[in-house]
Protein chains: 2
Amino acid sequence: MAEHLTERSQNILEAIVEDYIASAEPVGSRAITRRHNFNLSPASVRNVMSDLEDMGFLCSPHTSAGRIPTEKGFQYYIDTLLQVRNLSPKEKQKLQKSYRFQGMKMEDIMQEVGRVLSGLSKYTGLVMAPKFSSTVFRQIEFIRLSQGRILVIYVSETGLVQNKIIEVDHSLTAHQLEQISNYLNAELTGLSIQEVRAKLNNELKEERVLYDQMRKQALSLSCAALQDEVEDRVYVSGASLMLEQPEFSTPQQMKRLMQALESKKLLIDLLDRSQAADGVQIFIGSDSSHIDLEDCSLITSNFSNKKGAIGSLGVIGPVRMDYSQVIPLVDFTAQLVSRVLEREIE
Amino acid sequence: MAEHLTERSQNILEAIVEDYIASAEPVGSRAITRRHNFNLSPASVRNVMSDLEDMGFLCSPHTSAGRIPTEKGFQYYIDTLLQVRNLSPKEKQKLQKSYRFQGMKMEDIMQEVGRVLSGLSKYTGLVMAPKFSSTVFRQIEFIRLSQGRILVIYVSETGLVQNKIIEVDHSLTAHQLEQISNYLNAELTGLSIQEVRAKLNNELKEERVLYDQMRKQALSLSCAALQDEVEDRVYVSGASLMLEQPEFSTPQQMKRLMQALESKKLLIDLLDRSQAADGVQIFIGSDSSHIDLEDCSLITSNFSNKKGAIGSLGVIGPVRMDYSQVIPLVDFTAQLVSRVLEREIE
DNA sequence: ATTAGCACTCATCTAGAGAGAGTGCTAACA
DNA sequence: TGTTAGCACTCTCTCTAGATGAGTGCTAAT
């Protein structure tokens, strides 16, 4: 896999990738010699290009067009040629100013992050809020809406608020509900949702619980409340910006892309995968494994606070994306968001 | 404006509109005589069509194409020709089954409604959740996140939950917060947010309040909590379905439409206007006043519960939309949602 | 009033020519 | 032996011209 390229080949591959990123058009031997000062004739460049094509880094759409980088070409470029410059303090500050998190609750922050990512990159911004079940329990409140309908409000350590309506067959008074929430708040604080679930299930199994009406109700109520939250935690911003990209210029391509970006499920999938690893991750084209995003690359990074609630954010753009610009953007934004979330709980 | 058309003209106009809705292509005199049994020759139809064109109901893309209805033509069709059939009980039941509101909280319901509207109409579903300030106060809770950062959770009579983080300069203990929320809950229950705001402002002005620390804090805290909520209350579903419509088949049209549908502000505008009136409303093409939606029509209706929290829902599609199908869909869905919301508070 | 007939218009489709960009190969060159 | 100039070749893209066909508007006959 890690084939060795001569320095000349590397230079030429780099030139091709960069020219292609800039122009979105196949680049020819002539164009390269014109734009870069290799002291080589087009013919020599052609020879190198031919080699690169044999090795699978380049391909040509047809005989008499220039070459375009394959996914493998992009991969190589990103892995070994691309130098991600770090942001200067000034740039960092500027970026930081783009975000206005003042007094925002979680959802607003997520949305705002998406907007800015998309606005700065000119591609589509993607944010996945921390999974609720990865958060730490802080407080639970019950509010009786009507006979048999109870609104459960659940707050995590990070200030993430989740609410849900549950139906119960036996009616409960406000007083009973208060008792129950007091009990749960005392019992569960500081546990992660996974732990809470485990604990609840265990206790419910214990027989002696059955004799304590209040506890029993408390447990079954919170069980219901924490069950199967299917959350829609993905925020997509600036999808229509992608339509400006020449790779999505035909109606078919547009449709396909828009459908894909509308499918939250697909995006959740992708971002979930991103969460498995640390740092900035790059999925190139068919790496993303979904056929409808085959012309797209995804750059993601995770954010988290000390309590371990993990979310992901990123930018999705054409494979021919400006990686050198987007990578530091995603990287620093993730750090920024982590910091903001940590500040929230201090 | 209300020009008089002979019965024959009406019939032909109706035929043209319906054929155009079905085919998206200009309809010619020949096609009409073929498809409908007017006992008329194409030539006679042509004469009528020519008249209709003069009156502004039809236009032709070019000399040798058929005619297509103008917006005025559609308007007339909807106002006087279209018979919106009521849904049969069976259809109503079927529709009702499409929605699964069981145990859903407000946001989920809104989203689900959008999804179903879009799925059934094959156009784009639009839902605007009730404006928060139009809801009725039920309960407020404060949770101390960190030094100076307080999470406010506010619940309306309908079970709508709103949360917000506010920053305060003086720190408050959990006990103090509890006192404050008890006080507010006792004072404010049953008032609409507008009323709550008015009351708070009035009381803050009264001098004697200044001597009661707790009350003062309570008031200023809740003032901060209820201020300037800029909510993003619009749910758009199935935007990409619009790309299947022939009127949006070119890349330019697609881009324009997608941008418009991404602009929540624009949609909020439209739906806000819908709230001003009762019943099903239809905005045809440039009626919508926004240039980027000039090829679209919007069918909306409002939903509400007895407490007066009002939201809107609707379907946005091409002007050449299947009105006879979508109007009852929107109408009945609005009723359905109203009923569900009322059930929530009972 | 209605209709058949006919000339006319205009978009769409097709084929073919020409231009342009870029390649691959070969032979000459340093 | 690596590099380069030259040249034939390929393929896309664009432009033009002609053919096609749908549909109109007008006129004259019924």
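Below, chain A is the first sequence line, B the second, and so on; all start at residue 1.
For A:R46 and C:dG22, the CZ to C1' distance is 7 Å, given to the nearest whole Å. Rounded to whole Å, atom C1' of D:dG23 lies 12 Å from atom CD1 of B:I32. The distance from atom CD1 of B:I12 to atom C1' of C:dA1 is 14 Å, rounded to the nearest whole Å. Following rounding to the nearest Å, B:D51 (CG) and D:dG25 (C1') show an atom-to-atom distance of 13 Å. We find that CD of B:E25 is positioned 11 Å from C1' of D:dA22, with the value rounded to whole Å. Between the CG atom of A:N47 and the P atom of D:dT1 there is a distance of 15 Å, given to the nearest Å.
A:R30 contributes no side-chain N or O that forms a donor-acceptor pair with the base of C:dG22 under 3.5 Å. In the interface, the side chain of B:S64 is paired with the base of C:dT9 through a donor and an acceptor atom under 3.5 Å apart.
No more than 12 heavy-atom neighbours from other residues, nucleotides or ligands sit within 6.0 angstrom of CG on B:N37.
Close to D:dT24, at under 4.0 Å from its OP1 or OP2, lies a side-chain N or O of B:R67. Remark: B:R8 is in phosphate contact with C:dT2, judged by side-chain N or O atoms under 4.0 Å from OP1 or OP2. Distances shorter than 4.0 Å separate some side-chain N or O of B:S29 from OP1 or OP2 on D:dT24.
The pair B:R85-B:E91 counts as a salt bridge, with a side-chain nitrogen and a carboxylate oxygen less than 4.0 angstrom apart. The existence of a salt bridge linking A:E18 and A:R35 is excluded, since no basic side-chain nitrogen approaches an acidic carboxylate oxygen closer than 4.0 Å.
Between B:T63 and B:A43, the residue whose closest nucleotide on DNA chain C is further toward the 5' end is B:A43. When each of B:P61 and A:E53 is assigned the nucleotide of DNA chain C with its nearest heavy atom, B:P61 is the one assigned upstream, toward the 5' end.
Checked by atom type and distance alone, the side chain of A:T70 pairs as donor or acceptor with a backbone atom of A:F57 at under 3.5 Å.
Here D:dT12 is the nucleotide among D:dT24, D:dG25, D:dT12 with the atom lying nearest to any side-chain atom of A:H62.
In this structure, A:S44 reaches the bases: a heavy-atom distance under 4.0 Å links it to at least one base atom across the strands shown.
A 4.5 Å side-chain heavy-atom check between A:Y235 and A:V113 finds every atom pair outside the cut-off.
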